[in-house]
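What follows is a set of notes on a single structure, which appears directly below.
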Amino acid sequence: MVQNLQKLCSMMTEKIFLQIINSLRAEATEEVSLDSPEREPILSSEPSPAVTPVTPTTLIAPRIESKSLSAPVIFDRSREEIEEEANGDVFDIEIGVSDPEKVGDGMNAYMAYRVTTKTSLSMFSKSEFSVKRRFSDFLGLHSKLASKYLHVGYIVPPAPEKSIVGMTKVKVGKEDSSSTEFVEKRRAALERYLQRTVKHPTLLQDPDLRQFLESSELPRAVNTQALSGAGILRMVNKAADAVNKMTIKMNESDAWFEEKQQQFENLDQQLRKLHASVEALVCHRKELSANTAAFAKSAAMLGNSEDHTALSRALSQLAEVEEKIDQLHQEQAFADFYMFSELLSDYIRLIAAVKGVFDHRMKCWQKWEDAQITLLKKRETEAKMMVANKPDKIQQAKNEIREWEAKVQQGERDFEQISKTIRKEVGRFEKERVKDFKTVIIKYLESLVQTQQQLIKYWEAFLPEAKAIA
Amino acid sequence: MRDTSVSRLLLKAINVDLQSDAALQVDISDALSERDKVKFTVHTKSSLPNFKQNEFSVVRQHEEFIWLHDSFIENEDYAGYIIPPAPPRPDFDASREKLQKLGEGEGSMTKEEFTKMKQELEAEYLAIFKKTVAMHEVFLCRVAAHPILRKDLNFHVFLEYNQDLSVRGKNKKEKLEDFFKNMVKSADGVIVSGVKDVDDFFEHERTFLLEYHNRVKDASAKSDRMTRSHKSAADDYNRIGSSLYALGTQDSTDICKFFLKVSELFDKTRKIEARVSADEDLKLSDLLKYYLRESQAAKDLLYRRSRSLVDYENANKALDKARAKNKDVLQAETSQQLCCQKFEKISESAKQELIDFKTRRVAAFRKNLVELAELELKHAKGNLQLLQNCLAVLNGDT
């Protein structure tokens, strides 16, 4: 892998680099925009900031007591579900991300989130504890987990995306509704990210994850910054990957993998389409809410100027009803987004991770292939040396053959291991996906039910008022 | 496209108290939409001796309605009445454009999506069509119900004359003339409205109408926007339903059934949401739009009255001057008499017209608000039922 990368780097001049990036735009930018650590906005490098107790910009109630206007809890685990787990462990762990607090000032400021863990698992020293983490800490965690587990076939849940615009507004101190929304969106996304990660039996065992959840001090993850060496390396990596993918032609001996890849491809497309429609719905519902509010005001004015008393009163009542309905629409738009839309975008990114894992298997196969080819060449060399009768060269050739035989064996073992892991992972992923979708969609439908029930209440109250117009 | 069942919804919404008696009953029994015009079949039933038969029909186009309306406006004898507002021009441009765009984009969507969208747009077209028919009918019914206007000769010709009235639409020159006329009128209106009225009733009405008209305008615009947002959201449900269906048919896990059920739900709930939007449009937006036009007609009446008052006062001044100079006194006297008569005639009928206007308005609002509330309730309950049924099925499965 490193060899390939170095070759690529030396081959590419800046110009070609950019050309490839552009031509891979269809693939690369979509992946870049939805994959977590690869989206690199420009952060300033900063010394560790002074944590002055700043009044938090928003106080959102902690996850456990969910009020109507914060993103819903979607991962309640019942006892039965937990005991279903394949390896029989009792997975009793609940994660909450809450209390976003602005730390520092100006462009060096950042949001700190409280990460609370409740668990009865013995690997943790306490049953309930919380720490303060910032966004780059989450990215750092993902980066570590990805580098350890992705290439052996584990589907590591992707971290939430970075966003320059959103974060800048918060830093600059704009305390308007859009930055509050942004912070809440991020908080909910971070929570879902952690919950998915701890659900993974293998990842849960990882010491880095434990350290993230438990230790009060965490070394700053510097590699998540945009223009750092690591950042650029990642970008080049991505380009190299894309180029490689186009050139690897694998002899797929196992139809299962081909089938699955196709399925995920289809699923990806469908989810994107659905996501676009749901985003449009969120947008239109917000518009509807604003227009309803405007109409309510206008109806109130009309009621004021109406000189027939009873009609005037009825119009004012209508204005009140419409105002309440506007509130309803806002809340529904909220639900539309946090339940439905975010579920879809999470899964679009998860599928990208799944695709990544399949790609790693391909690369693994390539490595095995390459080893086999090299072994063959070494055998040829040995034969040539035998003919030319050069005893010291023959010994060297024999050594190399032994070396490459071992590599071929290792390559085959790795390939089989990753294939096995992927099968298990995909099975687990599919089960989780089904559960996730069912739970969230049912919750979403329940939100729709609530809206209709409220509507009925409001109009039932208005009807007698309208009838009273004499 | 033919619409043989005239939408009586809007008609009933506006013409609450119109006495449709046996003497004269008018309706639009049929309508045909051709490329760029709509042909209305105006059907009359009358026991009046003026007509050759008791029941007859003619075909009229929009321009002929406008001609009739304008003839009322230009008739001095009707200066003291609220002239029923002219129906708006049938406008299918937007709808046609959308249908065309759909046709062009046929290749880029699935067959189900295309069929769905086509049905939707056709329904939209039909709705606009029904509305325009209803608005033309409302105009005729208002005229037929008015004790004086119903006797108008032009109206009878409009109802009975079998042939084309050869009323062409205004050409550019005439439209320009109209434009200037309107400008002069509004400028004059400003001057005339500065004259304070001795009569309390009319002074109150003027203040009231001015403010009311502006606020109805605002409310009408805002209601329109609200209705349109509602429709957009309903359209989104449509697309979501389609996507879920696609997911349901392609997925390999047991979540297929789930997706298909939810897709079905979205399709059904979308129909309800579209109906909500349509009903709000009908009961609220259209009501406000109509009273926007009627309140303008009432304002016009007040303007005519004020104009005649100013003329009367000017005639008085001229008479005084003539008497002082002792020149053309008889002429001035006749002129002053005429102005006086005109002013008093207008004032008398105007008072009644404005009182009737209020009665009609209150009744129409009451009816529509009640119906709006009832329909909203009906739809919300329907929606709730759908959702609860679906949830019961989904929860039962999982």
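Order of the sequence lines fixes the chain letters, A, B, ..., with proteins taken first and strands second; residue numbering starts at 1 for each chain.
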Q | A/L445 side chain reached by B/L394 side chain, heavy atoms, under 4.5 Å | A | yes

Work out which heavy atom in [X] is nearest to a heavy atom in [Y]; give both atom names and the distance.
X	Y	result
B/A233	A/L281	O-CD1, 3.8 Å
B/L247	A/L271	CD1-CD2, 4.1 Å
A/H284	B/S229	O-CB, 4.4 Å
A/F462	B/L369	CE2-O, 4.1 Å
B/R225	A/N291	O-ND2, 3.4 Å
A/Q453	B/L384	CG-CD1, 3.7 Å

Q: Examine distances only and state if a side-chain atom of B/R215 and a backbone atom of A/M301 form a donor-acceptor pair shorter than 3.5 Å.
A: yes

Under 4.5 Å heavy-atom distance to chain A, tell me which part of [X] shows up: side chain, backbone, both or neither.
X	value
B/Y212	both
B/L386	neither
B/K358	side chain
B/V262	side chain

(Q) Run B/R361 and A/E306 through salt bridge (Lys or Arg N to Asp or Glu O under 4.0 Å) and show every step you take. (A) CA-CA 10 Å; B/R361 182 175 82 242; A/E306 173 60 63; 2.7 Å; yes

Q | Stepwise side-chain contact (heavy atoms from CB on, under 4.5 Å) test for B/N383 and A/L455 | A | CA-CA 11 Å; B/N383 238 341; A/L455 272 176; over 6 Å; no

With respect to chain A, which residue among [options] yields the maximal number of heavy-atom pairs within a distance under 4.5 Å?
options	answer
B/K222, B/E374, B/Q388	B/K222
B/C390, B/A246, B/A380	B/A380
B/R228, B/E376, B/H204, B/E211	B/E376

Q: Enter the distance from A/E287:CD to B/H230:NE2 here, rounded to the nearest 0.5 Å.
A: 12.5 Å

Q.
To the closest 0.5 Å, what do you measure between CD (A/E322) and CD (B/E280)?
A. 6.5 Å

Q) For B/T227 and A/F295, what are the C-alpha separation, side-chain angles and deciding distance, and is it a side-chain contact (heavy atoms from CB on, under 4.5 Å)? A) CA-CA 10 Å; B/T227 322; A/F295 174 71; over 6 Å; no

Q.
Checking B/L377 against A/E460 for the side-chain contact (heavy atoms from CB on, under 4.5 Å) test, could you report, in this order, the C-alpha distance in whole Å, the side-chain angles of both residues, the deciding distance, and whether it holds?
A. CA-CA 7 Å; B/L377 270 173; A/E460 271 177 351; 3.4 Å; yes

Q. Hey, what's the ring geometry for A/F340 with B/F266, parallel, tilted or perpendicular (30° and 60° as the breaks)?
A. tilted

Q.
If you apply the rule side-chain contact (heavy atoms from CB on, under 4.5 Å), what do you find for B/K381 with A/I456, and how did you get there?
A. CA-CA 7 Å; B/K381 287 187 178 151; A/I456 290 176; 3.6 Å; yes

Q) Counting a contact as any heavy-atom pair under 4.5 Å apart, which residues of residues 235-244 of chain B contact chain A? A) B/D236, B/Y237, B/R239, B/I240, B/S243, B/L244

**Q.** Residue A/Y458 versus chain B: region with a heavy atom under 4.5 Å
**A.** neither

